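Submitted below is the structure of interest, expressed as structure tokens.
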Amino acid sequence: MTTAPWRDPALPATARVDDLLSRMTLEEKSAQLYGVWVGAATDGDGVAPHQHDMTVDYEWDELITRGLGQLTRSFGTAPVDPALGAQALARAQRRITEAGRFGIPAVAHEECLAGFTAWQATAYPVPLAWGATWDPPLVEEMARRIGDDLRSVGVHQGLAPVLDVVRDPRWGRVEETIGEDPYLVGTVGTAYVRGLESAGVIATLKHFAGYASSAGARNLAPVRAGTREFADVTLPPFEMALREGGARSVMAAYTERDGVPASADPELLTGLLREEWGFTGTVVADYFGIGFLQTLHRVAGTPAEAAHAALEAGIDVELPSLKCYGDPLVDAVRSGEVPEELVDRAARRVLLQKCELGLLDEDWTPEPAATVDLDSTGNRILARRLAEESVVLLDNPDGLLPLAPDTRIAVIGPRAADALAMLGCYSFPSHVLTHHPGVPTGIEIPTVLDALRTELPDAKVTFARGCDVTDPDTSGFEEAVARTAEADVCVAVLGDRAGLFGRGTSGEGCDATDLALPGAQGELLDALVATGVPVVLVLLTGRPYALGRWHGRLGAVVQAFFPGEEGGPAVAGVLSGRVNPSGRLPVSVPQVPGGQPWTYLQPPLGLAGEVSNLDPTPLYAFGHGRSYTTFAWEDGTGGAEPAEIGTDGTYDVSVTVRNTGDREGAEVVQLYLHDPVASVTRPDVRLIGYQRVRLAPGDAARVLFRFHTDLSAFTDRSGRRVVEPGALELRLAASSTDVRHTAHLTLTGPVRVLGTDRRLRCETEVTDAG
């Protein structure tokens, strides 16, 4: 029998929550606004810097009598058998519901950036590899599987995806991003959100906003992004993921922009996010982000002042544990320093979300699924497919690849025989197991060396490590050169080691001074090339590295961005020819280490010119990637005479793509916008549409893009998003620099100011062309 209106599922959620709030004490309301990280280290040896001084002591049994907002990383803190972990989480939820007056469970959240960050869970490719697939439906399928796994063990919220747009590839967290273009990031990120949310798991967009624009590519450095860069590059992926993906949570960024930390910015978290965009979900703090207002940003003098600033800005939940939203907040409300209305506002949002999740229903149960398998056969099949689609063939000038099945191969390099070479910093083995030496990885991760031996059983494969990832020691070069000299071909497997806060060459807090290959790997590659044996360079990295030094000297170049547990077989499949590579670059690959920071979204002064001796032109452009088959682009829309459309009009641009080779393959048709003259400087080109097309030999498809003028909009000098009359070019291209057909337009009519109902996506149609 229902005992109170807030327990009645027949009532509207708002009525239920209003009834519940009217019954709660201040302490009970504030308890809904923080999480607790059981098992987090307080001795300075935690996952992140500052963890020890940001975690306060508490008495669990006493604390939960008030209730609890969230449980932090029950699976992502230490290795725990998933089935036992699910049972332990259920026990914790039962204790929480039994201890509090209202019996309200906590929201359990976990990291899920490249798969569920838990022991024995599938390690999928990192987000930069998702971007390299240019395949949103496949990413959506992966996210749905991740969500199903989270739900099976009692987790409600996933802290993903990252929607930061790469602005400087030296930044350590490039591997967590989807790429350097807001349209690619927005469309792929939105697909991830749809998949996670379709499984009933709350997707959390991060990091809102501007985190990737930090000065000097230093993690958590000030952001110097201007108003137009912020509006036109940083924000669109978040807007798309909210409007089209239905994300129910947003994580405030650590960084500050123009002197205002995101966690204390009401214009960002309330004015833009809620009042302009209409967001109704929860805003959560990045870990320790509220406390950092006092300790790092120094815009608050006490934890209570930090709590006030964050609540006023619009942060509803303090993560990962209570520091500011606990007793300091309660005391500040009691003394009149903080209005209780701010607590009520945040608690209402939290409880509405709990109501959506069914956590306020009397028949809610914490019992997990009967069977738990976080690395199922289906997961691994999908992880393999993602990895295969994400591998980018950068160069193959003389057709050295695919390798002959009975050739002599010297596999060289520090990434060739290391399973961790496949994983990013938010995979469980890289993120957590480094603190638990001796614990097995928990999942099978074939190396490139093992996979190549399996892929080519008739080949003679030898191996030498050559050097370490970061150690400058070159004593291993001699053996590496000797093995290479005995072979028909050398496969050099080089790249990054993912880690956290300086413990790797890629990952959070692992920022790079330049874009040279880490350690002695560049010198090792020089030594291998000097043997005269053809060298295939395979890169397993979390960011692009400068390769101009070896351009024209290598037999082939293959790029994989931390391709996950099935990455070894995926790379080996490309080398053998079993897999026809179809990945395309989500980031540009530079010529020289110092030619950065640079992304392709440059106005005229950002391009090569006569006023500087430095040429930032990349070696391989954004969107570039080769195949083992060939494609002809026929009958492209365009012509010498421009078509006229209004500033609120549409125009169809299309091309027929035909597979002219002898094997099946996938082409990625890309649509770029060039705006010759505008009232503010614009990127020379920018992506506004794309379509991945798989074709059998001889088959053709007609790809049509329905361009709407909203896609040409930008932020003008007054801060309005406008469509201006004038000339435009729509470029059908195989990369940002490889243009195949151009359509010339003239927009007529008045300047048009856009609102939040503007079109964000270019509609695409694919039809059989015989």
Side-chain angles (χ1 to χ4, degrees), residues 134 165 179-188 228-229 231-237 239-240 584-586 588 599-607 621-624 633 636-639 641-655 668-691 703-716 720-749 751-754 758-765:
W134 295 64
V165 178
E180 67 182 46
D181 177 86
Y183 189 83
L184 182 65
V185 173
T187 50
V188 174
R228 271 163 288 284
E229 177 182 340
D232 295 344
V233 177
T234 299
L235 295 178
E239 186 177 1
M240 183 181 286
R584 301 293 186 268
L585 284 174
S588 310
T599 76
Y600 93 102
L601 289 175
Q602 295 297 318
L605 291 185
L607 305 176
F622 173 82
H624 168 82
W633 292 40
T637 302
E641 295 300 320
E644 288 193 3
I645 62 172
T647 52
D648 60 351
T650 62
Y651 181 80
D652 290 352
V653 56
S654 60
V655 66
V668 179
V669 183
Q670 302 162 40
L671 180 64
Y672 291 88
L673 176 76
H674 172 67
D675 190 348
V677 179
S679 58
V680 297
T681 63
R682 303 294 299 129
D684 184 58
V685 293
R686 63 182 176 91
L687 184 72
I688 59 169
Y690 63 91
Q691 181 64 52
V703 181
L704 180 145
F705 296 97
R706 181 147 289 130
F707 167 76
H708 191 282
T709 53
D710 284 8
L711 298 170
S712 71
F714 59 87
T715 304
D716 71 3
R720 304 174 306 170
R721 191 176 299 277
V722 299
V723 175
E724 290 185 342
L728 290 179
E729 291 181 13
L730 301 179
R731 298 176 177 177
L732 290 161
S735 77
S736 60
T737 59
D738 186 0
V739 179
R740 304 298 176 86
H741 298 280
T742 300
H744 299 271
L745 302 181
T746 299
L747 304 192
T748 61
V751 172
R752 188 163 63 92
V753 179
L754 302 189
R758 67 189 177 102
R759 291 165 179 82
L760 302 174
R761 186 186 297 266
C762 188
E763 295 180 18
T764 307
E765 296 177 7

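Just so it is clear, the structure is predicted and the values come from calculations on it, not from any experiment.
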With sequence neighbours left out, write down each residue that passes side-chain hydrogen bond (donor to acceptor under 3.5 Å, both in side chains) with R752, or none if nothing qualifies.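 T709, D710.
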
For V753, check side chain to side chain contact (heavy atoms under 4.5 Å, CB included) against everything at least two apart and list the hits.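 Partners of V753 by the side chain to side chain contact (heavy atoms under 4.5 Å, CB included) criterion, ordered by chain and then number, come out as R720, V722.
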
For F705, check ring-ring contact (aromatic ring centres under 6.0 Å, His included) against everything at least two apart and list the hits.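 Testing F705 for ring-ring contact (aromatic ring centres under 6.0 Å, His included), a comparison that skips the adjacent residues, returns none.
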
By side-chain hydrogen bond (donor to acceptor under 3.5 Å, both in side chains), which residues pair with T187, not counting sequence neighbours?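 Result, side-chain hydrogen bond (donor to acceptor under 3.5 Å, both in side chains) vs T187: Y690.
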
Keeping the roles fixed (side chain from R228, backbone from D716), state whether a donor-acceptor pair exists under 3.5 Å.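 Yes.
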
Supply the atom-to-atom distance L671 CG to R686 CZ, rounded to the nearest 0.5 angstrom.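 Separation between the atoms: 10.5 Å.
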
Contacts of type salt bridge (Lys or Arg N to Asp or Glu O under 4.0 Å), residue E239, not counting sequence neighbours: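 In terms of salt bridge (Lys or Arg N to Asp or Glu O under 4.0 Å), with neighbours along the sequence ignored, E239 is linked to R243, R758.
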
List the residues meeting salt bridge (Lys or Arg N to Asp or Glu O under 4.0 Å) with D648, not counting sequence neighbours, and say none if there are none.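 Salt bridge (Lys or Arg N to Asp or Glu O under 4.0 Å) list for D648, sorted by chain: empty.
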
Side chain to side chain, V739 and L732, heavy atoms closer than 4.5 Å: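 Of all side-chain heavy-atom pairs linking L732 with V739, none is under 4.5 Å.
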
Within this structure, what is the OG1-OH distance for the pair T742 and Y672, rounded to the nearest 0.5 Å?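 So the gap between those two atoms works out to 13.0 Å.
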
P725: which residues meet the side chain to side chain contact (heavy atoms under 4.5 Å, CB included) condition with it, sequence neighbours left out?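 Here the qualifying residues are T647, V751.
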
Give a yes or no on whether the backbone of P683 and the side-chain of Q602 come within a donor-acceptor separation of less than 3.5 Å.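 No; judged by distance alone, with no hydrogens or angles, the pair does not exist.
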
Under the salt bridge (Lys or Arg N to Asp or Glu O under 4.0 Å) test, residues paired with E763 that sit two or more places apart: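 None.
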
Side chain to side chain contact (heavy atoms under 4.5 Å, CB included) with T746: which residues, sequence neighbours excluded?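 Expected list: P642, E644, T748.
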
Name all residues meeting the side-chain hydrogen bond (donor to acceptor under 3.5 Å, both in side chains) criterion together with T715; count only those two or more places apart in sequence or in a different chain, and write none if there are none.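 If we apply the side-chain hydrogen bond (donor to acceptor under 3.5 Å, both in side chains) test to T715, skipping adjacent residues, the hits are D232.
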
With S654 via side-chain hydrogen bond (donor to acceptor under 3.5 Å, both in side chains) - residues at least two apart: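 S654 satisfies side-chain hydrogen bond (donor to acceptor under 3.5 Å, both in side chains) with T637, R702 only.
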
With a 6.0 Å cut-off on ring centres, are W134 and Y183 close enough?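 That pair fails the under 6.0 Å test.
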
Could you note down all residue pairs passing salt bridge (Lys or Arg N to Asp or Glu O under 4.0 Å) where residues 724-743 supplies at least one of them, sequence neighbours left out?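 Sorted pair list: E729-R731, D738-R740.
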
